[in-house]
Structures are given as structure tokens and as C-alpha cells.
S.K.: 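Here it is: the structure, laid out below.
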Amino acid sequence: MKDKRINKVEVKNLTKKFGDLLVLDNVSFKIKKGEFLCVVGPTGCGKTTFLNLLSCLCEPTSGDLLIDGEPANPKKHNLAFVFQEPSSFPWLNVEQNIQFGLDIKKTRQKDKKERVERIISLMGLEQFRNSYPHQLSVSTEQRQVIGRAFAMDPDLLLMDEPYGQMDIKMRYYLEDEVVRLWKELGTTVVFITHNIEEAVYLAERILILSNKPAKIKEEVLIDLPRPRDVADEKFVKIRKYVTDQIKWW
Amino acid sequence: MNKNKTENTLLKRDKWKYGVIIPVLTVVIFLIIWELMVRVGVIPQRYLPKPSELGNVFIDKLSNPRPEDSTLPSNILSSLQVSLSGFLVAVVLGIPLGWFIGWYKGINRFVRPIFEIIRPIPPIAWIPLTILLLGIGFRAKVFIIFFSAFVPCVINSYTGIKLTNITLINVAKTCGASYFQILTKVGIPSSLPMVFAGIRIALGASWASLVAAEMLAADSGLGFMIMMGRQFTRPDLIVLGMVVIGLIGALFAFILSKLEKKMVRWRSIK
Amino acid sequence: MEKIKKRFISEIFYSILSLSSIILLILGWMYLASKRPELFPSPQETWDRLILFLEKPIRRIPLYSHVLDSLRRVGIAVLLACGFGIVLGTALGWSRLVKSTFGTIFELIRPIPPIAWVPLLTIWFGIGEFPKVLLVFIGTFAIVVVNTAAGVKMVEPLSLAVGKIFQANEFQMLKEIVLPASLPAIFAGIRTALGVGWAIVLAAEMLGAVSGTGFLITKGMSIGDTALIFICMFIIGIIGALLSVLASFIERRICPWKTDR
Amino acid sequence: MSVENRQVKLKIENINKTYQVKKSYFTAVKNVSLEVYKNEFLVILGPGLCGKTVLLNMIAGIEQPTNGKVYLDGEKIRGTHKSIGMVFQKLGLLPWKTVMENTEIGPKLAGVKKSERQKKAKNFLDMVGLTGFEKSYPHQLSGGMKQRVGIARAYTNNPDILILDEPFGQLDAQTRYSMQDEILRIWQMQKKTIIFVTNNIEEAIYLGDRIILLGKCPAEIKKIYDISLSRPRNVMDSGFLELRKMISSNMDLAV
């Protein structure tokens with residue numbers, strides 16, 4: 001089916017050098033509005049640098065990143081980044097944490113309240129509303145961080161292996177939840193993971209990065225119906241294919 | 001299931017035994033030994049008063065201004081007044097300065113050289129110069145205490161800001177927060193535990209340098225009182241002064257730790 | 001290329017900034033010296049006074065031996081404080097019985113600021129060498145004990161579990177796991193003790209001494225020789241800084257595994 | 001591991017553990033009974049924080065059970081035992097000791113002569129491929145290498161039973177897969193009984209002869225699976241995937 005959604009994010013010949021060490025080599029691709037894109041690649045192939053560039057945390061050596069046609073700028077555009085390490089603010093309770101991004105953007109009080117309530121109800125975090133991060137389990141804390149990112153209704157939501165530490169049952173639950181949030185809020189998501197099964201389970205499209213210096217090795221479109229079954233034979237075929245492309249072990 | 005009840009009550013009895021009974025016992029024994037040593041004459045009377053004497057010296061001193069013509073309450077009041085004013089000024093100036101030095105490179109490079117020259121000089125070394133400049137009145141003592149409390153405040157709030165978790169800063173950055181916004185929304189809150197540790201050290205330092213200041217250049221206060229105790233060979237007055245100084249110091253520390261628990265309760269008790 | 005140039009310029013800007021602050025300090029000093037000459041010696045006068053002092057000792061003791069006297073007192077006291085302090089600190093941290101007996105007395109005495117002991121010590125021992133070293137010992141001993149006890153208490157439960165799994169007995173547990181793990185905290189204590197010790201020896205000397213930096217500075221005060229006071233404060237500052245450098249140097253030698261994480 | 005010649009190496013009989021938090025009691029482990037056979041690769045699988053580690057600590061003797069007994073080769077033991085070694089999730093390497101000093105700690109505490117224990121330690125360090133790293137400190141090693149020191153250290157103490165508490169939880173995917181093959185290789189070579197704890201189903205099926213599935217907190221045994229897949233196992237073959245689907249449907253969702 002021809003994807004008629006407009007381009008939200010455009011990356012043109014993005015290159016990054018640390019001194020003379022080339023980390024990202026002339027990467028170009030487009031992301032549609034509301035698309036769920038997964039990026040996989042061998043460990044240490046520069047995935048994190050790739051994300052830091054997309055989130056404007058560091059300047060590219062050359063090439064540019066456009067959101068809705070203009071050069072990306074955290075102050076003007078609405079970017080959200082879910083880091084791999086725990087990133088909730090210990091001194092804020094769950095509600096204040098979710099509201100953090102909106103406070104920075106100085107959104108109107110009415111909108112802010114309404115959006116935070118929506119996320120809390122969507123993710124079923126009512127009972128944790130007033131508890132502090134150190135009172136939460138690892139999974140609840142990570143869900144709150146993801147809630148904070150979605151609450152900003154971002155133009156681009158970047159997620160760096162958010163479920164790395166979770167056991168498989170919790171991981172399935174969280175993956176279903178992120179798909180539900182993505183569908184409900186229509187956010188454009190870039191999801192980085194080393195777990196290929198997770199990528200095939202979540203993504204509409206997978207970008208496979210080569211080893212360092214990272215280039216885009218291949219794009220794989222996934223048009224399986226949702227919710228996808230990990231043991232389904234078409235699913236396993238795609239998973240095998242992507243694994244062979246990476247061949248890191 | 002009653003088995004685990006006994007195991008836990010055992011635990012509770014232990015806590016009671018080690019936490020209360022033995023400490024109280026030790027203090028009583030300590031006082032008895034002290035009393036006997038002085039009574040028997042192992043330690044001569046003019047060196048150390050008997051604990052029992054301390055009781056009536058305390059009551060007597062409450063009203064009797066001799067020998068340094070100021071009663072115990074007025075000494076305590078003047079000491080508190082001096083040390084708290086010096087301490088508060090140091091906290092109000094020191095902590096924000098530490099934050100800014102830690103956060104803005106410009107301020108850091110401008111202020112640090114002067115701060116690094118002054119820092120190693122202990123507060124006591126400033127007393128002679130202060131006396132020459134400000135005499136031995138209230139202002140001189142307050143400056144000495146200010147200085148002794150100022151340094152720990154700056155150091156701890158500076159270290160606190162520097163230890164801010166880089167991931168939290170990046171979260172704020174991607175949300176488009178300005179550099180100052182990140183300072184107020186992320187830097188300062190995450191530095192609070194260190195800042196409180198700094199305040200505790202500053203309070204201890206100001207209380208200690210108060211005694212030094214009052215012994216070298218003062219006409220009232222607890223330090224002055226024990227100094228006079230030496231001049232008039234009144235060991236009971238000296239020990240009374242030391243006990244009162246110790247008690248107030250411990251009281252300050254206790255209040256501060258309770259305040260910290262309340263103010264920074266989000267900190268998990270890791 | 002342009003990025004590196006930008007960083008180079010900002011580097012220069014920052015070093016100018018710090019240089020200017022030092023120049024400002026010196027200018028301020030000169031201005032004060034010109035306004036209140038009787039209180040503030042000009043840098044020139046202070047330098048001449050230093051040369052004069054190097055030639056003509058005070059009370060037949062040259063400058064450097066005054067400083068050495070003070071350092072000797074601090075050195076002996078801190079060494080003793082470390083010896084006894086680490087032993088008591090470990091015992092306090094490790095055994096509940098010691099904590100509830102000796103720990104209680106220690107907690108009773110600790111809040112009394114070291115300088116408050118001066119009058120009592122003067123009555124007991126006069127103003128000779130011994131009371132000064134004892135005073136510095138009292139001040140630094142408490143710090144070493146507190147830091148050691150804290151270090152012993154904060155040993156990772158995981159390291160203790162390793163000890164248990166490999167059947168370490170009580171003594172081995174202390175020697176192989178508890179003490180090495182609390183070395184960083186002990187060194188933090190030693191570094192603070194050196195700083196505090198240096199301050200207390202000055203106080204002790206100011207309150208009655210015939211030699212030492214503290215004595216010098218009080219002498220300067222009594223005869224209104226502000227230049228001498230300034231010299232002493234510079235020396236005290238420099239030595240204070242050197243002591244903390246010395247402490248961190250020893251720490252790096254003894255705990256090579258300690259990266260500045 | 002054929003069924004007949006299964007000889008019981010370690011037995012635990014309704015182990016319980018309750019903690020007192022202020023006024024209320026919190027049960028971490030509720031009467032677990034279990035038999036571990038000689039030289040088997042037993043995997044204990046459970047969701048997130050379900051008291052697995054507490055159960056493990058009680059088997060290893062680091063923690064005392066509120067009630068219940070532990071039998072080794074038939075006789076009752078209490079506290080840690082020479083022939084039970086352990087590899088910790090957070091590594092537990094002593095940062096102030098070099099790799100060699102860490103590895104030889106077992107025999108050293110037992111009073112074995114320096115030359116002899118260093119020879120043994122060197123042999124196991126070579127086995128896990130850490131030749132030449134004897135003098136470096138733990139903070140200079142990568143995650144995978146640190147875990148290898150943990151394994152070498154446990155083997156140097158020559159235990160009959162080796163307990164591993166989610167040893168690869170902190171490693172990235174690539175190192176994790178290679179460490180799984182590594183532990184299998186050492187297990188087949190060194191013939192020790194292994195008790196391996198994990199929250200990852202794929203890892204459990206890949207490694208285990210038997211899988212003990214624990215329920216949500218408090219830890220109690222839900223189901224025991226005998227894994228008869230031939231070794232080396234392939235994560236993506238149909239038998240493996242079927243087994244995984246079955247086990248994951250029985251597994252509780254950690255709160």
C-alpha cells in the first residue's frame with residue numbers, strides 16, 4: 001500500500017567525525033509523519049551518536065536534519081528522547097515528571113493538565129501519581145519516562161533501547177503499550193534496539209546500520225498485521241533475514 | 001509461621017539492648033569513675049571539677065555574673081547571635097556563588113583564582129587581621145564566623161552541581177530548555193543533598209571558630225567565659241562552658257539532620 | 001576547522017578572565033595600602049619585611065624554623081590521630097558492642113570544638129609543646145574516627161557476601177575486605193584532619209607559644225606589624241594547599257585502584 | 001542427562017523467608033522444596049523481582065532462611081559451605097585487588113600456599129581466556145571480562161555446585177550470547193552442578209537441562225520443565241519457539 005503520509009523528518013548526508021575518527025558516514029533517509037521506525041545495528045556501530053545527532057544533542061560535522069522542512073532546533077521543534085539509563089527526576093513525583101517537558105515548553109496550564117491526565121489514564125499510572133521514582137519498580141519508572149516523552153506530543157520521539165533490562169513478559173507488555181500509545185497519539189517514533197525480534201515486532205520499517213563507520217546498510221518494510229505473533233512463520237522469516245543482514249555474532 | 005515472629009522479636013530486643021541499655025550504662029559508669037577519680041584525689045580538685053559540682057555551678061552561673069560579669073544565659077545569647085548571623089550570611093552568599101561557579105565557566109574562571117588563594121588559609125589565621133581592622137566587637141567575630149562557614153558552603157554547592165547526572169541534563173536539553181533553565185530545573189535540585197551536607201559542615205565550622213574568636217577577641221560569649229575560667233583558675237566554669245558548647249553544637253546538628261530529612265525526602269534511602 | 005578556532009578563542013577569553021581577577025586583587029591591595037597605610041602594607045613593604053625577616057630572626061628563631069615547629073606539631077599529632085583513630089573507627093563501625101560503649105562516650109565528647117579544650121589543657125599542662133600536640137590530636141582524632149567508622153559501615157554488602165561465600169573468618173573479613181574497601185573514606189578523613197590540624201596548631205600557638213607560625217602572627221598583631229601578618233597568612237595559605245596536595249598524593253600511591261569515578 | 005542415573009546433589013526442604021518492615025511482615029520466599037541433581041545444568045526462571053536472589057542467597061548460605069532446611073549430599077548444612085561457589089549479578093569483584101588476587105581469594109582464605117593457589121588461579125584464568133590480564137584492576141576490564149573473572153574465581157575454589165545469579169543481566173546482547181556459549185563450554189569441560197538464575201526465557205531454554213519456573217513474589221515453584229532439545233540449541237528453530245511460547249504463557253507478569 002502506497003504510504004501517502006507526508007515527510008516529517010528528512011536527514012540529508014549526515015556525517016559525524018570525532019577528530020579524524022569517522023563515526024557516521026553520509027547517512028540520508030526520510031521519516032513519514034506518525035511512522036514507527038526501528039534502527040538496529042551491531043553493538044558499538046555508533047547508534048547512540050546517531051540518536052544524539054537526531055536529538056540535536058551534538059552538532060553533525062556536515063549534512064543537515066530537517067523537521068517539517070526547517071533545520072531541527074530543540075527550542076523551536078518538539079523533540080523527546082527516552083534514554084537507556086534511568087532518566088526520571090528523583091525530586092519530582094510521577095505527575096510532575098510527566099509534566100516536565102510541558103513545563104519547559106511553557107504550555108498553557110489548561111492544555112498541560114489535560115495532556116498529563118490523558119497520558120496517566122492511557123498508561124494506567126493513577127495509583128502512582130504522587131509517588132517518587134525511588135518508590136517505583138524499574139518497569140514503572142521506565143513507563144513514566146516514556147509517558148513524559150509522549151506527553152510532549154513531540155514532532156520526533158527517539159527511544160534508545162528502553163526495555164534492555166526488562167524480563168520477557170514485562171517486555172511484551174511494554175511493547176504492546178508503546179504501540180498503543182503510538183497509534184493513539186500518532187507520534188513519529190525512532191526506536192533503537194539490538195533485539196531484532198523486538199524490532200520486527202514493533203516497526204513499520206527497519207533501518208539496518210552497518211558496522212563502524214555506520215552507514216545505512218538496508219531498509220526492510222514490515223507490513224505484518226498487528227498485534228504480531230512472534231512464533232508466526234512469516235515473522236520468523238523476516239527476523240532470520242534481518243539477523244543475517246547484521247551477522248554480528 | 002510463629003517461628004519468624006521470634007526471629008524478628010529477637011532482632012528488636014537486640015536493638016533495644018545495644019541502642020539504649022548499654023549506652024546509658026556506659027555514661028553512668030563514666031560519670032561515676034570521673035566522680036571517684038576527683039574525690040579520691042587521683043586528679044586534683046583544681047584540675048577537674050566533680051560532675052556533681054557541675055549541677056550547682058550551672059544553677060549558680062544562671063544568675064551570678066562573676067567573674068566575667070555576664071551570666072550564662074547572656075553568654076549563650078551573645079554566642080548564638082554572633083555565630084548564627086555569620087552562618088546565615090555565609091549560607092545566603094556561599095551557596096548561590098557555588099552554584100554559579102559550578103555552572104558558568106566564565107564566573108568559574110574569574111572567581112576561582114581568588115577563592116583558591118583564600119581557601120587554604122584557616123579562619124583562625126584571619127583573626128589577627130580582623131581585629132586590627134574591625135576591633136574586637138560584634139562585627140569582627142561575625143566576619144570570622146562568616147568566613148569559616150562561607151568556604152564549605154561554596155565547595156559543597158559547587159561539587160553538588162558538578163555531580164548532576166548528565167542524562168538528566170540531556171533530557172532537559174532535548175526539551176529545548178535554556179542553559180539557565182537547566183540550572184534551575186535540574187542542576188539545583190540534584191545538588192540539594194550535597195548543599196545540605198555543606199550547611200551541616202558550615203554550622204560545625206562556624207560554631208568552632210566562634211569559640212576561637214571569643215577566646216582571642218571578645219568581651220562576652222561562651223568562649224570568653226571559658227577563657228576567663230582559665231584566668232581565674234575556675235575549672236568548673238571551663239568544664240561547664242565546654243559541656244554547654246558541646247550540647248548546643250549537638251542540638252544544631254540534630255535539628256539540621258531532621259530538617260534535611262524533611263526537605264530532601266525524595267532521596268531514596270539507598 | 002571553524003569549530004576548533006571557536007574553542008581556541010573562548011579558551012583565551014577565559015584565561016584573560018582569570019588573569020584579570022588576580023590583577024584586580026593586586027590593584028585592590030595597592031589601593032587599600034595607599035588609603036590606609038597603617039593597616040595595609042603595600043606589596044613592596046611586605047616584600048621588604050620578608051627579606052628583613054629572613055636576615056633577622058625573631059627570638060633567635062629564623063622564619064623557616066617557626067614554620068617547621070608548627071609542621072612538626074601537626075605531623076606528630078596527625079600521625080597519632082591516624083593510628084588510634086583508624087583502630088577505634090574500625091571497631092566502632094564493625095562491632096555493635098564497641099559502638100554502644102566507647103561510641104557513646106566518643107559521641108559525648110565529639111561535639112565540643114577542639115579549641116574549647118585550650119583553657120583546660122593550659123591549666124593541666126601549661127603552654128609547652130605537649131599541650132599543643134595534644135590539642136591538635138584531639139581535633140584530628142575525632143575526624144579520623146568518624147570517617148573510618150563511616151567507611152567501614154558503607155562497605156558494599158556485595159563485598160561482604162563475597163567474603164562469606166569464600167569462608168573468610170572475622171579477621172580475614174576485616175583485613176581483606178572491610179579495611180581496603182574503606183580506605184578511600186579513611187583518606188578523606190586524613191585529608192580533612194591535615195587541614196583542621198593546621199588550623200588548630202595556629203590557634204594553639206596564638207593562645208600561648210614561644211615559636212610557630214601562630215606565634216608569629218600574634219606577635220605581628222601585638223606590635224602592629226601588618227606586613228608580618230600578611231607574610232604569615234601567605235605562608236599559612238601555601239602550606240595549607242601543600243598539605244592537601246600531599247594527602248591526595250599519598251592516597252593515589254596507596255589506593256591505585258581508585259579511579260576518580 | 002538420562003533420567004535413571006540422576007543422583008541428588010543438593011536438596012532444599014520448604015524454605016521460607018519473611019522480613020519485618022516496620023510493623024508489617026513481608027514474605028519473600030514461600031515454602032520452596034527442590035532437588036538438584038549431580039552435574040546437571042539447572043535453570044531457575046522467574047519474572048523481575050520475585051525473590052529469586054533471596055532464594056539463591058539461602059541456598060548459598062549468605063542468608064539464613066526463617067525456616068526450612070538445606071541438604072548437601074544428604075547431610076544438613078547451615079551457612080556458607082566450601083563446595084558451593086557463587087557468581088554474582090553485579091560481579092562482586094573486589095576493586096582493590098588485581099585480577100589474580102581476586103581469582104585466588106578462595107584458596108588464599110583457606111590458607112593454601114601462595115605458589116600453589118596462583119598456579120590454580122592462572123589455569124582457570126587461561127580457561128576463561130584472560131591470560132595476560134593477571135595484573136590489571138577490575139575497573140580496567142570490560143563487562144564481559146569482569147564476569148569471566150567472577151567465573152574463574154568461583155571455579156578456582158573448586159566447588160561441587162556453582163550458583164550464578166543472573167550473571168549476564170548487565171551485558172549487551174553480543175557479549176551475552178558469547179558468554180552463554182562460554183558457560184556451556186566450561187560446564188561440559190569441568191563437570192560441576194550448575195544452578196543458573198535468569199529472567200530471560202530464551203537464555204533459560206538455551207542453557208538448561210531443567211527449568212524451574214517461579215511465580216510472582218513471594219517466590220514459589222509454579223512448574224518444572226525437562227528440556228530435551230539436543231545441544232547446541234538454535235534460538236530460532238520451531239521446537240525452541242514452541243517451548244518458549246508455552247513457558248511464557250505460564251509466566252507471571254512481574255508487578
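So you know, we letter chains A, B, ... as the sequences are listed, proteins then strands, and number each from 1.
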S.K.: Taking salt bridge (charged side-chain N to carboxylate O under 4.0 Å, His left out) as the cut-off, I'd like each qualifying pair that reaches into residues 106-115 of chain B, sequence neighbours left out, listed once.
M.R.: B:Arg109-C:Glu11, B:Arg112-B:Glu116

S.K.: Under 4.5 Å, heavy atom to heavy atom: which of residues 198-211 of chain B reach chain C? Give them by number, or say none.
M.R.: B:Trp207, B:Ala208, B:Val211

S.K.: Given that the side chain runs from C-beta out, which part of C:Phe13 has a heavy atom under 4.5 Å from chain B: side chain, backbone, both or neither?
M.R.: neither

S.K.: Taking side chain as everything from C-beta outward and backbone as N, CA, C, O, which of these in C:Leu24 sits under 4.5 Å from a heavy atom of chain B? Side chain, backbone, both or neither.
M.R.: side chain

S.K.: Taking side chain as everything from C-beta outward and backbone as N, CA, C, O, which of these in C:Leu120 sits under 4.5 Å from a heavy atom of chain B? Side chain, backbone, both or neither.
M.R.: both

S.K.: Where do C:Trp198 and C:Leu71 come nearest, in terms of heavy atoms and distance?
M.R.: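 Of all heavy-atom pairs spanning C:Trp198 and C:Leu71, the closest is CZ3-CD2, 3.9 Å.
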
S.K.: If a pair satisfies salt bridge (charged side-chain N to carboxylate O under 4.0 Å, His left out) and one of its residues is in residues 130-145 of chain C, list it, with sequence neighbours excluded.
M.R.: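 Counting only pairs at least two positions apart or across chains, no salt bridge (charged side-chain N to carboxylate O under 4.0 Å, His left out) contact touches residues 130-145 of chain C.
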
S.K.: For B:Ile238, which atoms come within 4.5 Å of any heavy atom of chain C: side chain, backbone, both, or neither?
M.R.: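 It is the side chain, since no backbone atom gets that close.
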
S.K.: I'd like to know if the side chain of B:Ser220 pairs up with that of B:Ser70 as donor and acceptor (distance under 3.5 Å, no hydrogens or angles considered).
M.R.: no

S.K.: Under 4.5 Å heavy-atom distance to chain B, tell me which part of C:Ser10 shows up: side chain, backbone, both or neither.
M.R.: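 For C:Ser10, there is no contact with chain B at all, as no heavy atom is under 4.5 Å.
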
S.K.: Okay, side chain of B:Thr233, backbone of B:Gly229: is any donor-acceptor separation there less than 3.5 Å?
M.R.: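 A pair under 3.5 Å: no.
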
S.K.: Checking B:Phe30 against chain C: side chain, backbone, both or neither under 4.5 Å from a heavy atom?
M.R.: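 The side chain, not the backbone.
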
S.K.: Which answer fits C:Leu25, side chain, backbone, both or neither, if we ask what part of it has an atom under 4.5 Å from a heavy atom of chain B?
M.R.: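 C:Leu25 touches chain B through side-chain heavy atoms alone.
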
S.K.: Using the ring-ring contact (aromatic ring centres under 6.0 Å, His included) rule, pick out the option among B:Phe110, B:Tyr179, B:Tyr158 that qualifies with B:Tyr104.
M.R.: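 Output: one option passes, namely B:Tyr179.
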
S.K.: Answer with side chain, backbone, both or neither: which region of B:Ile226 has an atom nearer than 4.5 Å to a non-hydrogen atom of chain C?
M.R.: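 Contact with chain C is through both the backbone and side chain of B:Ile226.
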
S.K.: Chain B heavy atoms under 4.5 Å from C:Ile123: which part of the residue, side chain, backbone, both or neither?
M.R.: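 Both parts, backbone and side chain.
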
S.K.: With a 4.5 angstrom heavy-atom cut-off, which part of C:Leu108 approaches chain B: side chain, backbone, both or neither?
M.R.: side chain

S.K.: Does anything in residues 18-30 of chain C pair up under side chain to side chain donor-acceptor pair (under 3.5 Å), and if so which pairs, sequence neighbours excluded?
M.R.: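 Matches after skipping sequence neighbours: none remain.
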
